[in-house]
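Worksheet: the structure to be examined is printed underneath.
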Amino acid sequence: MTMRFPIYLDNHSTTRVDPRVVDSMYPYFSQHYGNAASKHHQFGWTAEGAVENARKQIARLIGADTKEIVFTSGATESINLALKGVSQGYASQGNHIITAQTEHKAVLDTCSRLEAQGFQVTYLPVDECGMVSPDDVRSVITDKTILVTIMLANNEIGTIAPIAEIAAMCRRREIVFHSDATQAVGRIPVDLSAMSVDLLSFSAHKMYGPKGVGALYVRKAKSQLKVVSQIDGGGHEKGLRSGTLNVPAIVGFGKAAEIANSEMSEESKRVSTLRDKLVSGITSGLDETRVNGHPTQRLLNNANITFAHIKADRLIMDMKEIAVSTGSACTSASPEPSHVLRAIGLSDADVHSSIRFGLGRFTTEEEIDYTIRRVVETAKTVRQKRQHHQFA
Ligand SMILES: *Cc1c(COP(=O)(O)O)cnc(C)c1O
């Protein structure tokens, strides 16, 4: 098989839609194009049936009940709905929110919006591996705490947080717990039947589904969670998120969940073997590299590597046939240095010398072999040029 360029190693930003997902979506554009909310004819029933089937596939992937899945336009919207909706719903009980410094901008920017509206937010620090400590969460809880939000897996360094423990603690204190699980769902097992998580956000396009569709898991319980809707009109999704459902995208999301469910364990082994090969190939071929994140509690497709004395931008530009990003690429709309790498204690120079590799379902061994060679070669060349400069 001949390799195709560029090589895609940016699977934390988005993923290629699985061809099986694309196939599942086609009929819902021009054949079964009904509105899932139309109750009086076959077009509507067919669309509704397809949406409910997808809801089942997605619920099964995360150990939830179908009634607990609310469709949204993606994780950013799910996170906004969860954080703003809970803050408004519980405002009479308190105004304190706890999160971590390494969260995705979707959480951090929503929190700063809430701060502007009078809520108090504690941004917990993390250790040098990017880990949030449950004890730290416990120690900052006050009588006014209404919400704790901690991401399951970090999108830059892949660190996996002990959310089961944090969620259990929040449940005992009757504090709502939300997790941004966008990088985790579909990649690692997430079983909400075994955790006291109240709300969980995730997105189809990070798990080989289409862009523009996501979900918010909302725990169904005797004491109903008070989540105030942020988009009103029509009362879709039990009033939590109005608007005509994107049926083809939801069908694709469901198919992506079904595939993840049946192929996850095998895929994990294959992808983590490739990731390990990439890391050892690069770190053994070059001096002064360092792997960021947690040695074991990390996403199996992630490698975040600091190349001392090299500007990451320069390295990336010099190997254009490999699609990777710097730690900050996820927020490239505002290109500031990665807040995640800073939070784990990297110097400014090291932050600017770090590259994130995100492997995925379609990554081949051939691509990894090529990438190792190219990264090692290119890094050596950049370092040599730098030395010429210094000593000329
Ligand atoms: C991609 C991502 C988001 C945003 O998801 P969208 O569906 O693109 O809105 C939020 N959190 C994390 C951790 C992500 O990786």
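Scanning both residues, T283 and V291, for their nearest heavy atoms gives CG2-CG2, 4.0 Å. Among all heavy-atom pairs drawn from A153 and A184, the shortest one is CB-CB, 4.2 Å.
The aromatic ring centroids of F362 and Y208 lie less than 6.0 Å from each other. For F43 and Y33, the gap between ring centers is short of 6.0 Å.
Although no hydrogens or angles enter the test, the distance criterion places no donor-acceptor pair under 3.5 Å between the side chain of Q88 and the main chain of G85. Under the 3.5 Å distance criterion, the side-chain polar atoms of T15 are left unmatched by any main-chain donor or acceptor of N11. T306 places no side-chain N or O within 3.5 Å of a backbone atom of S354 that could act as its donor or acceptor partner. A donor-acceptor pair under 3.5 Å is absent between the side-chain atoms of R241 and the main chain of T72, judged by distance alone.
In this structure, F177 is not a member of the same hydrophobic cluster as V121, with clusters built from ILVMFWY side-chain heavy atoms closer than 4.5 Å.
Rounded to the nearest 0.5 angstrom, L200 CG and L192 CG are separated by 5.5 Å. Atom OG of S201 sits about 4.5 Å away from atom CD1 of I79, to the nearest 0.5 Å. Note: F119 CZ to C111 SG = 10.5 Å, rounded to the nearest 0.5 Å.
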Mind running salt bridge (charged side-chain N to carboxylate O under 4.0 Å, His left out) on R290 and D350 for me, showing each step along the way? CA-CA 10 Å; R290 125 182 192 168; D350 282 350; 5.2 Å; no
Please assess H339 against T102 for the test side chain to side chain donor-acceptor pair (under 3.5 Å), listing each intermediate value before the final yes or no. CA-CA 7 Å; H339 65 285; T102 47; over 6 Å; no
Determine whether E267 and R270 satisfy the following criterion, salt bridge (charged side-chain N to carboxylate O under 4.0 Å, His left out), listing intermediate values before the conclusion. CA-CA 5 Å; E267 184 171 308; R270 198 185 69 80; over 6 Å; no
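A salt bridge does not link R219 with E68: none of the charged nitrogens is closer than 4.0 Å to a carboxylate oxygen. Contact check on R373 versus D369 returns no salt bridge, with no Lys/Arg side-chain nitrogen under 4.0 Å from an Asp/Glu carboxylate oxygen. Using a cut-off of 4.0 Å between Lys/Arg side-chain N and Asp/Glu carboxylate O, R20 and D23 are scored as not salt-bridged. For the pair K380 and E377, the salt-bridge criterion is not met [side-chain N within less than 4.0 Å of a carboxylate O].
The only member of V132, L124, I166 that meets side chain to side chain contact (heavy atoms under 4.5 Å, CB included) when paired with I98 is L124.
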